[in-house]
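What follows is a set of notes on a single structure, which appears directly below.
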Protein chains: 2
Amino acid sequence: MQDNRMDLQDEKTPVESIQLEIIRRICFLDYPPGCQLKEAELAVEFGVSRTPVRDAISRIKHLGLVETRNGVGTVVTVLPRQQIEQVYEMRLQLATLIGTVSPHAITQQDLARMDALLDDAIALQAAFDARRYVELNDQLQILIADLIGNALLRSFWRQAYFQAASTWYGVASRAGDGVAASLVQEIQEMKRAMERGDIAAVGFIQRVHIGYGYNRIIEHLFAEEDTSVASGT
Amino acid sequence: MQDNRMDLQDEKTPVESIQLEIIRRICFLDYPPGCQLKEAELAVEFGVSRTPVRDAISRIKHLGLVETRNGVGTVVTVLPRQQIEQVYEMRLQLATLIGTVSPHAITQQDLARMDALLDDAIALQAAFDARRYVELNDQLQILIADLIGNALLRSFWRQAYFQAASTWYGVASRAGDGVAASLVQEIQEMKRAMERGDIAAVGFIQRVHIGYGYNRIIEHLFAEEDTSVASGT
DNA sequence: ATGGGTGTATCTGTATACAGCATGGCAATG
DNA sequence: CATTGCCATGCTGTATACAGATACACCCAT
């Protein structure tokens, strides 16, 4: 078993690059829920024809991030409350599996990435920026995914993250710089666990902080929904 | 929360139908590993152009069932041993989550389906037919998936099943009618659990039998590989 | 003034044509 | 006879053109 962490090499086909970019934009709320994705526009922007764009959009349909109807267009899905609940329910479960299911050994490189991330997070704490927070959180997710040795679990982990990201980042941006402090703490805890080589702990720490995040979503998002519903649309 | 089990309605777009059909053929070994999928042929067979076929094939790439290289073609993936191990590792974990993560209530209809399945399995036991076994096993998986209330877990469950199916069915066919008896027992146990409304038990029973299946794979498949490797290609 | 119907604009879905690429066979040459 | 280079063939990737479908606006009739 050679180090198969190299199989996440970035030799991506054009359509895969487009796919990832669109997913990022949805997760990072560049394309907020309800936003319409026009194939022709994207084709022009990426400098390709409509065909690869269609292919990319088609591939991300199974994530449930977009919904496309004939004659209307492709719109970014507004995830219903129940689905968000289910996504977070699964993320809590998956987190605990990170350390259980054939994890990768932690390398010096991983620790270095973690250190850099910690510095960035601390800097963010001093001067909060919603966009920057999103990027750092994303990098943390990628780093954790790299620690997962089981390819299928890694795939599931990313899928669940993609589905949760836009909602979470929407809440986090409004929650302000409190989330930055939480991120710093999360990274610190995780770094300590990684220094001990304890990946199971990494998973449990993730679980705890996903729980924190979910609570924030309940407070900010669902509370708003309830009041707005109560006040009559 | 209405009964959202209706949202797996079969109003499928053409490309989705093609996608499912191709997946079925791969899982059922109509397209064995290494088999080449030619877009032009499939287009003629389904009576459409190459475009929807391409779309369908493109969508199933994330399952890792096929691999396509430019100039060569699309071939059904030969899953390496390590990946099969990882898939089964995940299936064991997912099975235990079935009863944990917001399960559906068991309806009378579910029990009726189970009864019918049991009868078919018993009939199969009397006159074993590899193809028939595959179909019944597939129906059982679908039935179990319907019991999963969490849409994301259901998606993961199906993905893991798709990745494991072709390997398992290849072994089961060669293992002969012993697997039929095992299937009957599995359905009987599961039926008892469902009659008690104990979905957690359903999950654990699944876990046990997935373990049995994996052991069979190790015996039959990996043993062959090892000997053939030892004898030099 | 309002409701219904129709026309138009625009987007996705599909078909077809072409370019890039890899593979296998064939021929020429050492 | 072996080897190497070239060419033909067939596949996927991409681009473009057209058909189907839907929403919106406008207009006419009531």
Side-chain angles (χ1 to χ4, degrees), chain A residues 7 9-23 25-26 30-79 233, chain B residues 7 9-26 30-79 166 233:
Chain A
D7 59 17
Q9 49 205 341
D10 40 11
E11 51 160 88
K12 288 185 287 281
T13 65
V15 42
E16 280 173 349
S17 304
I18 296 172
Q19 177 185 358
L20 274 177
E21 179 60 25
I22 294 177
I23 289 177
R25 292 182 182 184
I26 293 173
D30 296 327
Y31 298 150
C35 174
Q36 188 172 182
L37 303 183
K38 295 173 189 174
E39 297 173 356
E41 286 183 6
L42 291 170
V44 171
E45 179 186 344
F46 290 114
V48 295
S49 134
R50 266 184 59 210
T51 309
V53 174
R54 275 188 62 78
D55 201 357
I57 291 178
S58 178
R59 283 197 203 182
I60 68 178
K61 282 194 182 111
H62 85 279
L63 292 174
L65 295 179
V66 295
E67 195 171 355
T68 159
R69 282 185 307 160
N70 191 350
V72 178
T74 302
V75 295
V76 178
T77 306
V78 181
L79 284 108
T233 311
Chain B
D7 59 18
Q9 50 205 340
D10 40 12
E11 51 159 90
K12 290 186 285 283
T13 65
V15 41
E16 281 172 348
S17 303
I18 296 173
Q19 177 185 358
L20 274 177
E21 179 59 26
I22 294 176
I23 289 177
R24 277 178 63 92
R25 292 183 183 183
I26 293 174
D30 295 327
Y31 298 149
C35 174
Q36 187 172 181
L37 303 183
K38 295 173 187 175
E39 297 174 355
E41 285 184 7
L42 291 170
V44 171
E45 179 186 342
F46 291 113
V48 295
S49 135
R50 266 186 58 209
T51 309
V53 174
R54 277 189 59 79
D55 201 355
I57 291 178
S58 178
R59 283 197 202 181
I60 69 178
K61 284 195 181 108
H62 84 279
L63 291 173
L65 295 180
V66 296
E67 196 171 353
T68 159
R69 282 186 306 162
N70 191 350
V72 178
T74 303
V75 294
V76 178
T77 307
V78 182
L79 284 112
S166 69
T233 309

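Chain A is the first sequence line, chain B the second, and so forth, proteins listed ahead of strands; every chain is numbered from 1.
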Side-chain donor-acceptor pairs under 3.5 Å in residues 66-73 of chain A, sequence neighbours left out?
| from | atom 1 | to | atom 2 | distance (Å) |
| --- | --- | --- | --- | --- |
| T68(A) | OG1 | T74(A) | OG1 | 3.3 |

Footprint string (nucleotides 12-23 of chain D, 5' to 3'): B base within contact, S backbone only, - free, heavy atoms under 4.0 Å: BBBBB---BBBS
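Taken from CG in L65(B) to CD1 in I23(B), the straight-line distance is 6.5 Å, to the nearest 0.5 Å.
Residues forming a side-chain hydrogen bond (donor to acceptor under 3.5 Å, both in side chains) with Q19(B) (at least two apart in sequence, or on another chain): none.
Contact detail for G34(B) and V78(B): the closest heavy-atom pair is N-CG2, 3.9 Å.
Within the 4.5 Å cutoff, the side chain of R59(A) has heavy atoms near those of the K61(B) side chain.
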